[in-house]
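Here is how names work: the chains are called A, B, and so on, in the same order as the sequence lines, proteins then strands, and each is numbered from 1.
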Number of protein chains: 2
Amino acid sequence: MAVAAKDLHGTLDALILKTLSWGPRHGYAIARWLEDTSADELVIEEGSLYPALYRMERKGWIEAEWGESELGRKAKLYRLTTVGRKQLRAETEEWARFAGAVSRILLPA
Amino acid sequence: MAVAAKDLHGTLDALILKTLSWGPRHGYAIARWLEDTSADELVIEEGSLYPALYRMERKGWIEAEWGESELGRKAKLYRLTTVGRKQLRAETEEWARFAGAVSRILLPA
DNA sequence: GGTGCTTACCTAGTTAGACTAGGTGTATGC
DNA sequence: GCATACACCTAGTCTAACTAGGTAAGCACC
């Protein structure tokens with residue numbers, strides 16, 4: 001059984017932005033999608049998720065609106081802004097460079 | 001020009017352990033080696049490095065001994081312990097899983 | 001001999017992100 | 001009636017890395 005990463009090490013924002021790049025989603029669904037897509041290798045704690053969403057909303061990367069989930073429940077739907085899309089590109093690039101550099105040192109060629 | 005990563009996001013310990021796996025080195029040389037090897041994509045701040053070395057010494061991953069640098073200066077030489085070597089394997093594996101999961105989500109296939 | 005650069009180490013205090021550990025309320029299934 | 005899943009929220013803590021300093025020795029240079 002895959003032991004999940006304990007710490008998202010600064011990648012949470014990028015992961016959320018990427019999730020929303022596929023279309024608007026509510027918080028709970030973002031967490032579920034990331035966990036499913038990573039085969040539970042990433043675990044998104046709610047105590048990390050919701051503060052991150054506020055942070056990103058304040059920064060203008062995402063916008064929220066109350067609506068309904070697929071199951072008909074009250075849910076806060078988030079979607080990417082133009083600034084957020086730009087931010088996603090920047091963070092993706094930064095991740096590629098960082099992860100590449102670390103991997104070249106840590107992992108066998 | 002490569003803009004260096006601002007934050008090592010929890011990889012510093014693994015990077016130090018890996019550096020020492022090639023043989024004993026003093027703190028300053030560890031930083032130089034990592035920066036050179038990553039073509040300056042990783043920057044090791046001294047305010048991060050020395051506290052990390054203490055942390056790792058306390059945990060028994062590395063051992064220190066005063067000696068001389070290649071240039072004949074007083075320097076504290078660190079080397080991996082058996083526990084540290086085991087820790088390096090664990091952290092490398094953890095990094096591979098984590099970076100893989102994040103990359104599969106963020107980066108285009 | 002003074003000035004500046006590099007080597008080498010160290011530390012106090014701050015920041016930021018994710019965490020733990022709780023809480024609310026609604027709906028569904030048994 | 002009770003447990004579980006859905007969906008959101010928050011206070012407080014932890015940790016790693018950061019900024020921004022400092023010490024000291026050796027070297028080159030004029």
Side-chain angles (χ1 to χ4, degrees), chain A residues 3-17 19 24-36 42-59 61-62 64-78 87 91 94-95 98 102, chain B residues 3-17 19 24-36 42-59 61-62 64-78 87 91 94-95 98 102:
Chain A
V3 179
K6 276 199 184 63
D7 197 321
L8 293 166
H9 302 303
T11 60
L12 181 56
D13 289 4
L15 291 169
I16 291 174
L17 289 171
T19 307
R25 264 189 186 76
H26 56 93
Y28 196 79
I30 293 172
R32 288 295 77 71
W33 187 82
L34 283 169
E35 293 180 2
D36 290 351
L42 303 177
V43 172
I44 316 301
E45 299 293 342
E46 302 198 354
S48 310
L49 174 68
Y50 292 108
L53 289 170
Y54 290 132
R55 231 176 19 234
M56 295 166 69
E57 202 182 353
R58 273 203 312 280
K59 288 180 183 167
W61 299 349
I62 58 178
E65 179 186 19
W66 282 100
E68 268 195 5
S69 73
E70 322 73 52
L71 299 175
R73 292 181 187 218
K74 193 170 62 109
K76 210 178 197 172
L77 298 168
Y78 289 94
Q87 182 65 22
E91 295 209 10
E94 168 62 21
W95 165 258
F98 172 72
V102 173
Chain B
V3 179
K6 276 198 184 61
D7 197 319
L8 293 165
H9 302 302
T11 59
L12 181 55
D13 290 4
L15 290 169
I16 291 174
L17 290 171
T19 306
R25 264 187 186 75
H26 55 92
Y28 196 78
I30 293 171
R32 288 294 78 72
W33 187 83
L34 283 169
E35 294 180 2
D36 289 351
L42 304 176
V43 173
I44 315 300
E45 300 292 342
E46 301 198 353
S48 310
L49 173 69
Y50 292 108
L53 289 170
Y54 289 132
R55 225 168 33 226
M56 295 166 70
E57 201 181 352
R58 272 204 312 280
K59 288 179 181 167
W61 299 350
I62 58 178
E65 178 186 18
W66 282 100
E68 269 197 5
S69 73
E70 322 75 51
L71 300 174
R73 292 180 186 220
K74 193 171 64 113
K76 210 178 198 171
L77 298 168
Y78 290 94
Q87 182 65 20
E91 295 209 8
E94 167 63 20
W95 165 258
F98 172 71
V102 173

Grab the [atom1]-[atom2] distance between [X] and [N] for me, whole Å please.
X: A/Arg32; N: D/dA5; atom1: CZ; atom2: P; value: 11 Å
X: B/Glu68; N: D/dG26; atom1: CD; atom2: P; value: 10 Å
X: B/His9; N: C/dT15; atom1: NE2; atom2: P; value: 19 Å
X: A/Ile44; N: D/dA7; atom1: CD1; atom2: P; value: 17 Å
X: B/Lys76; N: D/dA24; atom1: NZ; atom2: C1'; value: 15 Å
X: A/Tyr54; N: D/dA11; atom1: OH; atom2: P; value: 11 Å
X: B/Trp66; N: C/dT7; atom1: CH2; atom2: P; value: 17 Å
X: A/Leu49; N: C/dC19; atom1: CG; atom2: P; value: 10 Å

Protein-to-nucleotide contact annotation, 5' to 3' order, nucleotides 23-30 of chain C [B base; S sugar-phosphate only; - none; under 4.0 Å, heavy atom]: --BBB---
Can you figure out which of [options] approaches the side chain of [X] most closely?
X: A/Asp13; options: C/dA18, C/dT11, D/dA17; answer: C/dA18
X: A/Glu45; options: C/dC9, C/dT20, C/dA18; answer: C/dT20
X: A/Arg55; options: D/dA17, C/dC19, C/dG17; answer: C/dG17
X: A/Tyr28; options: C/dC10, D/dC8, C/dT11; answer: D/dC8
X: A/Tyr50; options: C/dC9, D/dC9, C/dC19; answer: D/dC9

Nearest 0.5 Å please: distance from the [atom1] atom of [X] over to the [atom2] atom of [Y].
X: B/Leu8; Y: B/Ile16; atom1: CG; atom2: CD1; answer: 9.0 Å
X: B/Phe98; Y: B/Thr11; atom1: CZ; atom2: OG1; answer: 10.0 Å
X: B/Ile62; Y: B/Tyr78; atom1: CD1; atom2: OH; answer: 6.0 Å
X: B/Leu34; Y: B/Leu15; atom1: CG; atom2: CG; answer: 5.5 Å

5′-ward residue of the pair A/Ser69/B/Gly10 relative to DNA chain D: A/Ser69
List the atom of A/Leu77, the atom of A/Gly67, and the distance in Å for their closest heavy-atom pair. CD1-CA, 4.2 Å
Identify whether any heavy atom of B/Gly27 sits under 4.0 Å from a base atom; if not, whether one sits that close to sugar-phosphate; answer base, sugar-phosphate or nothing. sugar-phosphate
Is it possible for you to check whether A/Arg32 lies under 6.0 Å from the centre of the six-membered ring of A/Tyr28, through NZ or CZ, and within 45° of that ring's axis? yes
Exactly one of A/Lys76, A/Glu68, A/Glu70 clears side-chain hydrogen bond (donor to acceptor under 3.5 Å, both in side chains) with A/His26, and that residue is A/Glu70
So, is A/Lys74 near the phosphate of D/dC6, with a side-chain N or O under 4.0 Å from OP1 or OP2? no
